[in-house]
Amino acid sequence: MQAHRSVEPVLVTGAAGKTGRGLIRALLRAGLAVRAFVRNARQQQVLEELGAEQTVEGDLRDREAVLEAAIGVRSIYHICPNVHPDEIDIGRGVVAAAREATVEHFVLHSVLHPQTEAMPHHWAKLRVEELLLESGLPFTILQPAPYMQNMLGQWQRIRQEKVYSVPYALTTRVAMVDLEDVAEAAVRVLSEPRHAGSTYELCGPDLLHPLEIATILGRHLGIAVEAEILPVETWSREAKCAPGSYRFETLVKMFHYYERYGMVGSPGVLGWLLDRPPTRFSEFVEKHV
Ligand SMILES: NC(=O)c1ccc[n+]([C@@H]2O[C@H](COP(=O)([O-])OP(=O)(O)OC[C@H]3O[C@@H](n4cnc5c(N)ncnc54)[C@H](OP(=O)(O)O)[C@@H]3O)[C@@H](O)[C@H]2O)c1
């Protein structure tokens, strides 16, 4: 792959989160310059330690701060903070700033199946996709499945208690993707002009339910791992997600949606973008063992 070695950076929003850090590592490895938009000085330091040349501190709801950050960048990779109640307004502000700063390319980090109204954070992303389609900006929309990395938060418990727990039925099949594959695909999208005007679904090759996931985990860890349902009250306490909050209500709707319909997706586009098969769940586990 030929990296675009422009000195004009890519502005990455939501840069200090799980997605932002994964993406920025991949961008820096590929030789692209990065301007990271972060919330505070602590995050600024994290990004500087990762190697980001430029960091901008601000609130994504502050239109002036976003516009200032957008001036002088070649492209914007917009990552909205996860399950944010102001996702549409934030998206509107970042798209407006991109237009005013006349950036060459806007990449939106969306989600698999944004067209599901029953999941408010997916539905909000569809509205932001719509704003982007109508903006006149050269755009690419990436729609990743839930990351395999989400499970790393309970890695310790899986090893020690030999239990993999989820707050939905154990036969629920949800597509997954390795965040490292997503970041590699994003680098290609930002480096090759042919991706302008495209929307890509990014999924790994497996469609597993928690019982199968537990079996694979057990096989690679050399222990018997059980899958169990985590009651919503326990999940809420452990995730520090207070009942009644937007985050709680939205994620509970997502669990119900998963349970009722599952979440399927094709690995075809990601394989084409990467020019290799996307990472299998068993390969991901092997990497992290
Ligand atoms: N996780 C998945 O499996 C998955 C899959 C597909 C798509 N996505 C999408 O990926 C996106 C990013 O997810 P993530 O988990 O990487 O996000 P995240 O961890 O919430 O990270 C976002 C970053 O933005 C910061 N932030 C929060 N509010 C802000 C504000 N008002 N102004 C400036 N910065 C702010 C956060 O800081 P604090 O830490 O201080 O809040 C954090 O550093 C989400 O839109 C999500 O829907 C996620």
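For reference, positions follow the sequence shown, starting with 1. As the structure is a prediction and not an experimental result, all values here were calculated from the model. Whatever order the structure lists ligands and atoms in, that order sets their numbers, starting from 1.
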Shortest protein contact, [atom] (heavy atom only):
| atom | answer |
| --- | --- |
| atom 8 (N) of ligand 1 | Y147 OH, 3.5 Å |
| atom 7 (C) of ligand 1 | S110 O, 3.5 Å |
| atom 6 (C) of ligand 1 | P144 O, 3.4 Å |
| atom 36 (C) of ligand 1 | Q43 NE2, 4.0 Å |
| atom 31 (N) of ligand 1 | D59 OD1, 3.0 Å |

Between the candidates [options], which shows the shortest non-hydrogen contact distance to [atom]?
| atom | options | result |
| --- | --- | --- |
| atom 16 (O) of ligand 1 | V111, L47, D86, T19 | T19 |
| atom 47 (O) of ligand 1 | E87, E57, H121, K125 | K125 |
| atom 24 (O) of ligand 1 | G14, C80, A16 | G14 |
| atom 21 (O) of ligand 1 | G17, A65, G91, P81 | G17 |
| atom 29 (C) of ligand 1 | K18, R39, R42 | R39 |

Query raised in the report: Hey, does A145 sit under 4.0 Å from ligand 1 if you only count heavy atoms?
Result: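 Distance cut 4.0 Å: A145 passes for ligand 1.
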Report task. Considering the heavy atoms of H109, write down every atom of ligand 1 situated less than 4.0 Å from one of them. Result ->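 Every atom of ligand 1 under 4.0 Å from some heavy atom of H109: 7 (C), 9 (C), 10 (O).
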Requested in this report: Pull out every atom of ligand 1 sitting under 4.0 Å from any heavy atom of P146, numbered as shown with elements.
Outcome: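 Going through ligand 1 atom by atom, the ones under 4.0 Å from P146 are 3 (O), 5 (C).
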Query raised in the report: Run the salt bridge (Lys or Arg N to Asp or Glu O under 4.0 Å) check on E212 and R173 step by step: do they pass?
Result: CA-CA 10 Å; E212 293 164 336; R173 293 188 188 275; 2.8 Å; yes
Checking contacts here: is it the side chain or the backbone of [X] that comes within 4.0 Å of ligand 1, counting heavy atoms only? Could be both or neither.
| X | answer |
| --- | --- |
| V83 | neither |
| Q149 | neither |
| I79 | side chain |
| A15 | neither |

Requested in this report: List the steps, then state whether salt bridge (Lys or Arg N to Asp or Glu O under 4.0 Å) holds for E226 with K162.
Outcome: CA-CA 6 Å; E226 297 279 333; K162 304 182 178 64; over 6 Å; no
Report task. May I ask you to check whether Y168 and Y258 place their ring centres under 6.0 Å from each other? Result ->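 Ring centres of Y168 and Y258 closer than 6.0 Å.
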Query - Check: H195 ring centroid to Y200 ring centroid under 6.0 Å - result: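 Centroid separation for H195 and Y200: below 6.0 Å.
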N/O separation below 3.5 Å, [X] to ligand 1:
| X | answer |
| --- | --- |
| L60 | yes |
| N82 | yes |
| N150 | yes |

Requested in this report: Look at atom CD of E68 and say whether more than 12 heavy atoms of other residues, nucleotides or ligands are closer to it than 6.0 Å.
Outcome: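 No, because the 6.0 Å sphere around CD of E68 holds 12 heavy atoms or fewer from other groups.
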Report task. Show your working on side-chain contact (heavy atoms from CB on, under 4.5 Å) between V34 and Y77 and close with a plain yes or no. Result -> CA-CA 10 Å; V34 170; Y77 191 98; over 6 Å; no
Query raised in the report: Looking only at atom types and distance, does a side-chain atom of R247 sit under 3.5 Å from a main-chain N or O of H84, one as donor and one as acceptor?
Result: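 Side chain of R247 to backbone of H84: no pair is present.
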Query raised in the report: Say you draw a straight line from OG of S75 to CZ of F106; how long is it, rounded to the nearest 0.5 Å?
Result: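 The distance works out to 10.5 Å.
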Query raised in the report: Going by distance alone, is a donor N or O of one side chain under 3.5 Å from an acceptor N or O of the other, for S110 and Q143?
Result: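 Not at all, the side chains of S110 and Q143 share no donor-acceptor pair under 3.5 Å.
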Query - Exercise: do E57 and N40 side chains pair donor with acceptor under 3.5 Å - result: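 No.
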Requested in this report: List the steps, then state whether side-chain contact (heavy atoms from CB on, under 4.5 Å) holds for D275 with R188.
Outcome: CA-CA 11 Å; D275 212 11; R188 293 198 174 214; 4.1 Å; yes
**Report entry** Cation-pi, W123 ring and R127 (6.0 angstrom, 45 degrees)
**Finding:**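 Ring-cation test returns yes.
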